Amino acid sequence: MRYLIVSDIHANLAALQSVLNDAPSFDAIWCLGDLVGYGPSPNEVLERLQEFPLVSVMGNHDWGVLGRADPYIFNTDARHALLWTRGELTPENQRFLAGLPVGQKVEDFVLVHASVREPIWEYLLDANAARKSFTFNNFRVALSGHTHIPAVFEWDESTAEARMSPPDWEEPLQLGGRRLIINAGSVGQPRDGDPRAAYGLLDTEAQTFSFHRVAYAVEITQERMRACGMPARLIERLELGR
Ligand code: ZN
């Protein structure tokens, strides 16, 4: 089976649409949370995703939009977008969002937004943070998002340490018998200095994972954000990829 791996779409329909156009054929979408928040098209993104066979987990922004976390734990800009999104979602889409699991195991892959240890909130930004997940339980391959920065973490059994490496954009990653945490990056708000939408493709027969990037019309999303009164900083960061 071939899975399209997307995360942190953040209600950015133009970015999601570019990914769907760019991706070779796939059997289903696996979405790693933060479907909404920040962006201007929450209903459209949720409806587009549901046109495909879909497994999705819950992200911290989804959680916040549903009112399950105090909005004041989010920064001012994120909180503004979160409260706007809450007012915007149709009852059907609110129900869909509320039904998302916090984590999901499919075959021997674990899907989480943040980390295996703390699926909604923990940021895996370095090998040391990843180490805590590898020792938390015995998953084989975990797929996560949340940081908006594509990365691969590999467990080294002999040293009991995790290694972090940047994605190889040219060569598919061979999963082999290794224990891995793979972050495909963010579709709708990349933060690795590259504003293009990031996504992954997992081939469970070939046992490979490949990282991909595709440009999208950032200005369309920015224009929609202006029209719904989003904070300027959220609008500007999209073209910077920061
Ligand atoms: Zn996010």
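Along the sequence shown, residues carry numbers from 1. Just so you know, ligand 1 is whichever comes first in the structure, and atom 1 is the first atom listed for that ligand. These numbers come from a predicted model, not from an experiment.
Side-chain contact between N12 and V45 is absent, with no heavy atoms from C-beta onward closer than 4.5 Å. Within the 4.5 Å cutoff, side-chain heavy atoms of Q50 are placed close to those of N93. Using a 4.5 Å heavy-atom threshold, the side chains of F96 and L89 count as separate.
Minimum-distance N/O/S atom of D34 relative to the Zn ion (ligand 1): OD2. Atom OD1 is the N/O/S atom of D8 found closest to the Zn ion (ligand 1).
Residue H113 does not count as close to the Zn ion (ligand 1), with no N, O or S atom under 2.8 Å. With 2.8 Å as the limit, H61 does not count as an N, O or S neighbour of the Zn ion (ligand 1).
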F153/F134 under ring-ring contact (aromatic ring centres under 6.0 Å, His included): CA gap, chis, key distance, verdict: CA-CA 9 Å; F153 301 94; F134 282 116; 7.6 Å; no
